[in-house]
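Structure record follows, encoded as structure tokens.
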Amino acid sequence: MSTNALGLDRKSYMGAKSTLCSGCGHDSITNHIISALYKSSIDPHKVAKISGIGCSSKTPTYFLEKSAGFNSLHGRMAPLATGAKMANRDLKIIGISGDGDSASIGLGGFCHLLRRNVPMVYIVENNGVYGLTKGQFSATADEGSSRKSGEINTYSSIDLCSLAIEMGCGFVARSFSGDAKQLVPLVRAAMEYEGTAFIDVISPCVTFANHPGSTKSYDAVKERKFQLQSLGYIEAKEEIAVDYEGSTLVELHDGSKLALTKVDEHSHDVHDPQAAMKVLIEAKQQNEFATGLFYFDKKHSNLVQDESLSVKPLSELDESTLRPTEEQLNEVMAQFA
Amino acid sequence: MSTNALGLDRKSYMGAKSTLCSGCGHDSITNHIISALYKSSIDPHKVAKISGIGCSSKTPTYFLEKSAGFNSLHGRMAPLATGAKMANRDLKIIGISGDGDSASIGLGGFCHLLRRNVPMVYIVENNGVYGLTKGQFSATADEGSSRKSGEINTYSSIDLCSLAIEMGCGFVARSFSGDAKQLVPLVRAAMEYEGTAFIDVISPCVTFANHPGSTKSYDAVKERKFQLQSLGYIEAKEEIAVDYEGSTLVELHDGSKLALTKVDEHSHDVHDPQAAMKVLIEAKQQNEFATGLFYFDKKHSNLVQDESLSVKPLSELDESTLRPTEEQLNEVMAQFA
Amino acid sequence: MSQIVNDFSVTVATVNGSGSQSANNILMRSIFKMGVPVSGKNLFPSNIAGLPTWFSIRASEKGYVGRKPSSDIVIAMNRDTIIEDFQWLKPGGLFIYNDGLRTNPEEFPEGVRTLGINFNDLCKEVTKSIQLKKLLVNMIYVGALTEILQIPEHVVAETIEHQFKGKESVFEINKKAVNIGREYVKENLSKEDWGIKVEERNLTRDKILIDGNTSGALGFVYAGCSFASWYPITPSSSLAESFEDFCNKLRVTSDGQKQFSMVQSEDELSAISMVAGAGWAGARAMTTTSGPGISLMAETIGLMYFAEIPGVIWDVQRMGPSTGLPTRTSQGDVLAAARCSHGDTRHPVFFPATPKECFDFANLAFDLSERAQTPVFILSDLDLGMNFWMSDRFEYPKTGFDRGKVLKKEDLEKLESFARYADVDGDGIPYRTLPGTDHDLAAYFTRGTGHTPEAKYSEAPDNYQNLMNRLDRKWETIKTMVPSPEVREGKDNKKAYVYFGSTDLVVEELLDIMGEKDVSVMRLKAYPFHNDVKEFIEAHDEVVIIEQNQHGQMGELMRAEFPSLARKISSQTNCDGLPLCPEILATNLKNRGQHVN
Amino acid sequence: MSQIVNDFSVTVATVNGSGSQSANNILMRSIFKMGVPVSGKNLFPSNIAGLPTWFSIRASEKGYVGRKPSSDIVIAMNRDTIIEDFQWLKPGGLFIYNDGLRTNPEEFPEGVRTLGINFNDLCKEVTKSIQLKKLLVNMIYVGALTEILQIPEHVVAETIEHQFKGKESVFEINKKAVNIGREYVKENLSKEDWGIKVEERNLTRDKILIDGNTSGALGFVYAGCSFASWYPITPSSSLAESFEDFCNKLRVTSDGQKQFSMVQSEDELSAISMVAGAGWAGARAMTTTSGPGISLMAETIGLMYFAEIPGVIWDVQRMGPSTGLPTRTSQGDVLAAARCSHGDTRHPVFFPATPKECFDFANLAFDLSERAQTPVFILSDLDLGMNFWMSDRFEYPKTGFDRGKVLKKEDLEKLESFARYADVDGDGIPYRTLPGTDHDLAAYFTRGTGHTPEAKYSEAPDNYQNLMNRLDRKWETIKTMVPSPEVREGKDNKKAYVYFGSTDLVVEELLDIMGEKDVSVMRLKAYPFHNDVKEFIEAHDEVVIIEQNQHGQMGELMRAEFPSLARKISSQTNCDGLPLCPEILATNLKNRGQHVN
Ligand SMILES: Cc1ncc(C[n+]2csc(CCOP(=O)(O)OP(=O)(O)O)c2C)c(N)n1
Ligand SMILES: Cc1ncc(C[n+]2csc(CCOP(=O)(O)OP(=O)(O)O)c2C)c(N)n1
Ligand code: SF4
Ligand code: SF4
Ligand SMILES: [Mg+2]
Ligand SMILES: [Mg+2]
């Protein structure tokens, strides 16, 4: 049985049996998260999985059984995760959400979390519908796409990646539930990013959005998807293989690197927000799914840093630290006397 | 006493005495709205003024006394206006909000209203602070700007104009409370736009954000503001003056036009969202306020059209229309028998 | 064994997403077509596909529709729960299972009559399409069962045609599947083992079989509701969706203009705020939701109360607290609705008990809401809303809309002044104008802050106290406008039962079981309590409120309202997410000690 | 006229944003420094500058601090309200007005002693700076008043130095302004007309003068609260802001690490959700808000109740419903807090009555919240929170934090299994672990849906009912943990008054006025009701609850809880936004008919 650097096998990263529809994209994402964390030898005890409500938000039950988890409220994953992170900065937080959860009811929380740059991984499992309530359009459904019932979406769709860039997020990527090769390195890199790492994963809903009118069906994705880069993850200690000659290396906090290798004619500067926006707008205009890393900004300070937060987690501070002395109280009292 | 085409004097467009701080930018905006509606001879009886909560949201009391008004809840102007518009499509809705009201608590409603393209004018009176609760930062406060107390904003700021373009809004402009020449034609054009017309108006808070560290003080705005175009409003019946030769003419629903005349070297295509984004991103990077019309899209269909909404306002439909016949009821009953 | 006629229940154990719903419908409707009262309950999980689901059909000549603790026949189609599913079977009942599922009959409990049917094999005779097979497998058990129950073939055939109206192409294949099931039973089950049958009666003439959500949706159409905004949430979504469906059929002009507007909002805060905007602007506007939505709507509902804006909130209750059990029934939002929002707010609440009342109350709620200019709640529940009930046909409303005190341009022309919040009539209800009214007197400023009768902002203490007192006066007026309770006086004044909402559906049977047909009962139809409610309680020594929640919320409201009677009032609660079962409830009521909740 | 000593009130009528606050503080503190009990109330509008504001200072040797219907001295600085301001004046009182405001004394009511001072002219002697003039004008009336009240110059000077500590540069100019005011009075008011004075006493030693929000903020620091998220809202903002200030002084390490985290959130939904996240992760976390915020927090509070997550919500109540009157006081959120959220939820609520209790209850609330693993409310109000009260000095907490049943790695090592929601101790309170605990047994899955003792998702009916019953058991445990009421038994058992929160500040005076010093009284400190509450009610024939809301919300809770006692319980309500005035309340209580609310 093979194990990782922590001596854990892959099974140690798994969770309960999924109760999603068979074929649901979300289950594949679960799998890729398991792979990523296993490969990166992340200590499950240090991880907290937090989600909202929806089929997607159920998935944290299906991975990392040894990690604390919280299937919270519809649209409230973002603030909940913010509070948890500030209370215990040592937690590695994986936030899982759906397009309904983040782009509709949770849109405010999503945007404001990004503005604050809360250190965590934020994954949206994006199927363009509300799976759990039976397939109504979500806000990421493309304009002109249709429901199973035939109804056409007339509203502008929200592109969570360009929105994330707009909100100052420094790690913005998109992938597809079926693409292990791309998603696993992305998740590994995201886990080492010192700020909010946002990944929008297109994840077909086989039950309500896998029909021809849907633009997020398996067929539509296959047809419209293209990769901006091919991705490789290089651990901190690892030597950089010759394969990566000519690749762009994006360095992460722990010294590991994400290698971006040119695919076809695509080459945009991942450090330039305007270039990233251009890629996104053009793909949208051409009715294509661009996938890969759009934007990366290492220097950006995060909420923990901005707040000069105690190095020791707040949750571990005890009374002797948290309660000032009697003398200090008396000094305060004197000011009011 | 001079009157407009409806035979109304300017006073007919005024409201109660303002209770805002003297010198508040919001009061100037109030004035410009009065001018715009007076000049455009808008029938006050057909207007509904809707706002959220904040100093800015108080202003609808100070103009258009003869129009129905609603100072609603903090952050809920957008959905409230949506409901009112759908119930009575003949209402000309002027939504007034603040940066706290729209970019913080009301961010979700703001974005989703724009996605739906609800026909109305949406004005944010943007001072970068929560005026009414005494000057805390709002989400539009620039990164690095400071409060009166000295506290520095470390979060990314939200640019409501680029966000509006991102959300598919087809009329996106920015102006300054002190700039009647620019704001009056913008408001007039907005009133004739067949969709959501969004205007972000920088409006200094003299009490809490007029100090040197603020980037929305009168001084800061004066220093950093530049105009993309000089604006002129041409009524439908009016002939196009020679002055406008070489200007771009943006045509509105009633046949009136907004004339955009080049200022300095600025020239971006207002019909190209990417160009508009570029102007906004660059201005931000160069720490400048770009003002003027950023983006205009005429073809975009709006919510009233999308819904094939009854030409007669829903609020005017009576029982004979709203209640189907007994026969129809019996037919339905038969299906369940 | 003795023959059971027209009084039995059948449970089909399956997984959700397996398409058994239309099969179960056909089963249920076939019994209904035989003139025998029937009802159907779906016990389903909170996911989309693959988890255990149970559908129970109850036929009862007496018209009883309550949940039975166990069934006469169980059809076990789900491999994962097959052993567990024996618990649904009544002693002596018949257990039909799918023996194409690698089941091991040796694990079955002893002494139970079982019939294994290899549905999968049989289905091969019907079709080769894997897609279709999944669906038609269910039609085979419909065949098996209708054969056992001796429901004639033509009845089932007609039901199939009714069910699939417009999809003629599937008639034959479904009938074929049914017949294969019938044949199989004929050949493999000895007649003596059948024991249960449906005999034709005349008890369903003029009745319909319908769920509460569909009924409410239709009610809203006939109530003239023209604006709806909603955010999807189980178990209320189908109400919004069928409202839209009905409107698309009944409210579109020949040139395609929609005489309604429906906006799926981004969340519940926006849904209710759109309703407030539309109500303010003069449309009859409603939203549908369930518990979590009510919590999220609290702030705007407070605004509507205070700014006096009409609007109807239909809450299909599910198990709380919090997300709770989205697919289980409850009456747990009574307090959340009646006292929704901070400050001193209170709201009228309707408690429909049947599909017919779902239809009727939609109209009553709008009449009250517009007349009193205040938000009104309708509290249904998952059991009433999503399960199938036999009902009288809905009657065309006898009265026109009451749109309340709205001043139009013509009215204003006769007036010298208009004060939006003045109590002109002494009933606490002011007059309003609608935005857009073409008259200088019409405009006023609406706000959630303190305001004078003229709708000006005011912080003056007297003014505020007067405003609050007027709202209380309005509340008293509302008490005279809500429907009176349904009362049946018993033989004496000792004990009485009080109940509300879908509990009505089990009360007759409950009293029967308890041998208490002559006990006084009162069914509440609305809050605030009509004066008759007080009189009823005054007239009895002890009043037990049957509630499907944990804390006896209706009891709490009543004790608060009637201090001098409070000591008589207590609640018998049930809070496990299942529809009430008369047998169990009877036992609980009998065992009830001094537990006062 | 007779001389009034140490028992009077002064009202300063001005406009907000005029910088009078520090002048009023100096006035108040000067009296305090004289050893005479004093309190101060600010009646301010809901805008930022330019509207009428009244600040009333009351000195009372008896320590009475209630609002007076009128004042002995009125200082009228606001041109717009000058005539109206006569209404604040007691018959025979002295009306000082700014006669630099183009006032017309002929419009003044007759027979009133007035003194016009041209503050603007006088101010020219102090400074030329327009900015400073605006502020110093106020110091001139401080001078005039302290001269009239015969407060020695050095006392005022010391107070000025205390007030402006750290800004030495402004000492002299303020003193100068004061002296100009003093001189003016000496020259222009005949000694006989003064009539009121402050005489030195020894009654304020060991006391402080403080508002409830500052007290609560400090309480949270000493309660070990390390995370706060809040959204600004009057009248709670100053609590959050002074918590941050205190933390910046008392909770930063020498190398600049902050041992707390404070996030100004985007709205109240996020504020409480951050609190839930932080409480879940193991920090003592709180939020501050007012009514509208409570409505918006309802959904997450339900989650915290059901998933059993600690956290404290401090609500500084203002007038509801809806936005109501943001700058007026109320006790209108009792029900909204106690029953916050849909489904069957209920929450402990503390009712601090004094600044000292604001300090103490912050700590008690966290102990209870972490021990019982449930959200806890603290209901203060604008009057207590933003006005100035004399208080005993706060005592250093005698007991350490009770962090409740938290299993650490070391504890888990001794266990074979861990079930998050098992009732191991029979008190309804389970054990929890914190995320990040380095042990395989530690991890569990938190959710707002139905769950087994092992924290697995479950829809099983028995399981759900058991869970709800355990939560009720926990509620019973909580009843034993809340502070008992403060009871004073009267001479007989006929009548009793019950009250809570800031009402405490007026009760002594009220009873004095009513001549009912020997009536039984009980002050509630918390909900759920301690067993002593029931006993007290049982022991009396009639119980009147004094409430600052419209519907008698505490009465409603009590009648619901104590059915057999309900008929005795009624409420005397007041709902005009003003702090209670003992005189008026006494009249209302006397006139009280059968009005039962
Ligand atoms: C406050 C609230 N409103 C509505 C719901 C009902 N609800 C559950 S999941 C869901 C949508 C989920 O959509 P998404 O986040 O896209 O997840 P998916 O199921 O598509 O993976 C909704 C509306 C809820 N649980 N809570
Ligand atoms: C639900 C709710 N939360 C908080 C408040 C308090 N509040 C009133 S106005 C305001 C901020 C206003 O800021 P903005 O919209 O920018 O308006 P400005 O006063 O700056 O013009 C806040 C937080 C409220 N009224 N309601
Ligand atoms: S409904 Fe769609 S999103 Fe939900 S589990 Fe099924 S396939 Fe996945
Ligand atoms: S506080 Fe600021 S925003 Fe509010 S009225 Fe004064 S200047 Fe204007
Ligand atoms: Mg989705
Ligand atoms: Mg602002």
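Quick note on labels: first sequence line is chain A, next is B, and so on, each numbered from 1. Note that this is a predicted model, so its numbers are computed, not measured.
Of the listed residues (N16(C), T234(C), L51(C)), the one with the most heavy-atom contacts under 4.5 Å to chain A is L51(C). With respect to chain C, the highest number of heavy-atom pairs below 4.5 Å among N71(A), L132(A), L73(A) belongs to L132(A). Chain A forms the most heavy-atom pairs under 4.5 Å with one residue out of A49(C), P232(C), S322(C), P292(C), and that residue is P232(C).
Distance SG/C24(A) to CD1/I48(C): 10.0 Å, rounded to 0.5 Å.
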Report task. Let me see the working for K58(A) and N47(C) under side-chain contact (heavy atoms from CB on, under 4.5 Å), right down to the final yes or no. Result -> CA-CA 10 Å; K58(A) 286 184 177 209; N47(C) 84 329; 3.5 Å; yes
Report task. Decide yes or no on side-chain contact (heavy atoms from CB on, under 4.5 Å) for L296(C) and I105(A), but give the supporting numbers first. Result -> CA-CA 11 Å; L296(C) 288 174; I105(A) 191 169; 4.1 Å; yes
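When heavy atoms are compared at a cutoff of 4.5 Å, S72(A) approaches chain C solely by way of its backbone atoms N, CA, C and O. For chain C, no part of L107(A) is nearby; none of its heavy atoms comes within less than 4.5 Å. Both the backbone and the side chain of T19(A) come within contact range of chain C, judged by heavy atoms closer than 4.5 Å.
Residues of residues 138-155 of chain A placed with any heavy atom under 4.5 Å of a heavy atom in chain C are listed by number as R147(A), Y155(A).
Every side-chain contact (heavy atoms from CB on, under 4.5 Å) that T61(A) has, sequence neighbours left out, goes to A16(A), F445(D), R447(D).
For the pair Q264(C) and Y130(A), the tightest heavy-atom approach, listed with the atom from each and the gap, is NE2-CE1, 3.5 Å. S104(A) and Y231(C) make their closest contact through CB-OH, 4.0 Å (heavy atoms, listed as atom of the first residue, atom of the second, distance).
Within a 6.0 Å radius of CD in Q285(A), other residues, nucleotides and ligands contribute more than 12 heavy atoms. By the 6.0 Å contact criterion, NZ on K134(A) is open, its count of non-hydrogen atoms from other residues, nucleotides or ligands being 12 or less.
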